[in-house]
Number of protein chains: 2
Amino acid sequence: MFSSILAHIRRFVPLNSEEEALLASLLEVREVKKKEHLLQAGEICKANYFVAKGCFRLYLITDKGAEQVIQFGIEDWWITDYAGLKSGKPSGFYVQAVEPSTVVVLNKEAEEELFDKIPQLERYFRQVLERAYSAQLTRIHYIFNMTGEEQYKLMNKHYPEFVQRVPQYMLASFLGITPEFLSMLRAKKD
Amino acid sequence: MFSSILAHIRRFVPLNSEEEALLASLLEVREVKKKEHLLQAGEICKANYFVAKGCFRLYLITDKGAEQVIQFGIEDWWITDYAGLKSGKPSGFYVQAVEPSTVVVLNKEAEEELFDKIPQLERYFRQVLERAYSAQLTRIHYIFNMTGEEQYKLMNKHYPEFVQRVPQYMLASFLGITPEFLSMLRAKKD
DNA sequence: TCTCTTTCTTAAACTACTTTAAGTTTTTTG
DNA sequence: CAAAAAACTTAAAGTAGTTTAAGAAAGAGA
């Protein structure tokens with residue numbers, strides 16, 4: 001049940017069996033149906049989610065009423081509205097399963113208790129966040145310096161399975177282009 | 001000398017006087033001239049920098065030879081190439097002072113020793129990174145859903161001093177538009 | 001204070017992408 | 001398995017920005 005998350009944590013910090021048992025007692029496994037939401041705009045975000053299996057998207061509804069995909073989360077990624085989780089204010093984001101998925105739920109209260117009893121977990125999350133942060137800076141670099149076509153091609157080259165895995169209109173939104181334009185790009189050559 | 005960084009850390013975690021003394025012994029204060037680099041592309045990134053006074057930019061040179069500003073860092077921000085710092089590989093980024101500045105240098109080795117002796121610092125950086133990461137996600141949302149003009153106006157409204165503080169061509173690059181276009185936007189109304 | 005360098009401005013021609021609208025295909029559900 | 005809903009395609013007209021080029025203004029070193 002928890003093997004994937006424990007393996008992931010162990011890639012960053014050591015864990016003894018007591019700590020693993022404590023983690024197992026405070027974490028929660030949850031099956032999520034396709035299109036089911038873990039968080040909706042207006043709600044208070046109460047947990048951080050580790051994707052054990054499946055795929056999620058973090059998105060929001062813009063002023064013009066369109067869905068904007070901000071981030072995807074697949075196996076071994078954490079996904080949540082960090083700002084909302086930490087502030088306790090109603091979230092502006094949605095977190096939704098793109099396909100039938102399994103997550104490990106880390107509730108806010110469990111998180112506090114775990115950070116207290118397993119200080120190594122602070123180290124784990126620090127490192128996870130360092131990576132997530134620099135990935136976003138790299139992404140901003142791509143957004144500014146590559147055309148939609150170049151970004152799509154790069155994505156297709158580096159993550160061909162992923163491009164097939166999510167609906168095209170979600171991928172278009174993530175890349176910051178319209179689904180019509182992405183459709184045209186695909187038609188050009190494939 | 002270290003008062004600004006100690007005050008910042010105390011906003012997140014408590015520090016006793018021994019810990020403060022240890023920090024002071026392992027941190028280093030450095031004056032940086034305008035246009036001086038803390039890091040250049042091709043070098044190995046060896047430290048994380050806390051801006052005590054002044055302003056820095058994290059940028060890179062694109063394939064086409066243009067400077068692309070990825071991030072600014074002003075007072076109370078940490079700035080570095082996290083990916084390079086952690087991987088030990090040559091960096092693709094430049095970190096340069098936009099104005100005469102003072103930084104507190106946290107070297108890689110000092111960081112390891114400090115994390116070891118003051119576990120609370122892991123907690124501090126985890127929280128700093130949570131904020132930095134969600135700020136980048138919000139920024140991506142703005143990039144995709146606001147025109148250059150809207151982003152410039154919002155920035156002018158929220159951070160009018162900052163807009164005056166950095167050269168316009170750097171601000172344009174940060175906003176993902178050309179300096180010519182920003183100049184035109186400013187001329188429209190001010 | 002003069003000169004050199006850096007930064008900012010203006011404007012015309014161009015392009016990557018959006019918008020709109022309508023039709024087609026695929027997937028989901030009772 | 002049929003009907004409805006969701007996802008994808010095509011194409012024409014429009015726009016937010018870039019590119020290029022040249023000149024003007026401001027800043028900084030000697």
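Using a 3.5 Å distance cut-off with no hydrogens or angles, the side chains of B/R165 and B/Y159 do not pair a donor with an acceptor. For the residue pair A/D81 and A/S91, a side-chain donor N or O sits within less than 3.5 Å of a side-chain acceptor on the partner. Counted by atom type alone, B/Q136 and B/R139 present one or more donor-acceptor pairs between their side chains at under 3.5 Å.
When the P atom of D/dT18 is taken as reference, atom CD1 of A/I143 falls 15 Å away, rounded to whole Å. Atom CD in B/Q68 sits roughly 14 Å away from atom C1' in D/dT18 (whole-Å rounding). The distance from atom NZ of B/K33 to atom P of D/dG29 is 10 Å, rounded to the nearest whole Å. Look at OH on B/Y152: it is 19 Å from P on D/dA16, rounded to the nearest Å. Look at CG on A/L171: it is 14 Å from P on D/dA7, rounded to the nearest Å. Rounding to whole angstrom units, CD of residue B/E99 and P of D/dG27 are separated by 15 Å. Distance B/L182 CG to C/dT9 P: 8 Å, rounded to the nearest Å. Computed from coordinates, the B/M184 CE to C/dA11 C1' distance equals 11 Å when rounded to whole Å.
In summary, B/E67 and B/R57 engage in a salt bridge, as defined by a charged side-chain N under 4.0 Å from a carboxylate O. Remark: B/E111 engages B/K86 in a salt bridge, criterion side-chain N to carboxylate O under 4.0 Å.
Seen from the ring of A/F181, A/R186 does not count as a face-on cation partner, given the 6.0 Å and 45° thresholds.
In this structure, the helix from C/dT1-D/dA30 to C/dG30-D/dC1 shows an angle of 70° between the axis at its start and the axis at its end, each fitted on 5 base pairs and rounded to 10°.
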Protein proximity profile, nucleotides 14-30 of chain C - base contact B, sugar-phosphate-only contact S, no contact -, cut-off 4.0 Å on heavy atoms:
---SBBB-------S--
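Relative ring orientation between A/F174 and A/F72 is described as tilted, the plane-to-plane angle lying within the 30° to 60° band. Classified by interplanar angle (parallel below 30°, tilted 30° to 60°, perpendicular above 60°), the ring pair B/Y59/B/H37 is tilted. Between A/Y124 and A/W78, the two ring planes are perpendicular [angle over 60°; tilted spans 30° to 60°].
Taking side-chain N and O atoms only, B/Q168 has no distance below 4.0 Å to OP1 or OP2 of C/dT6.
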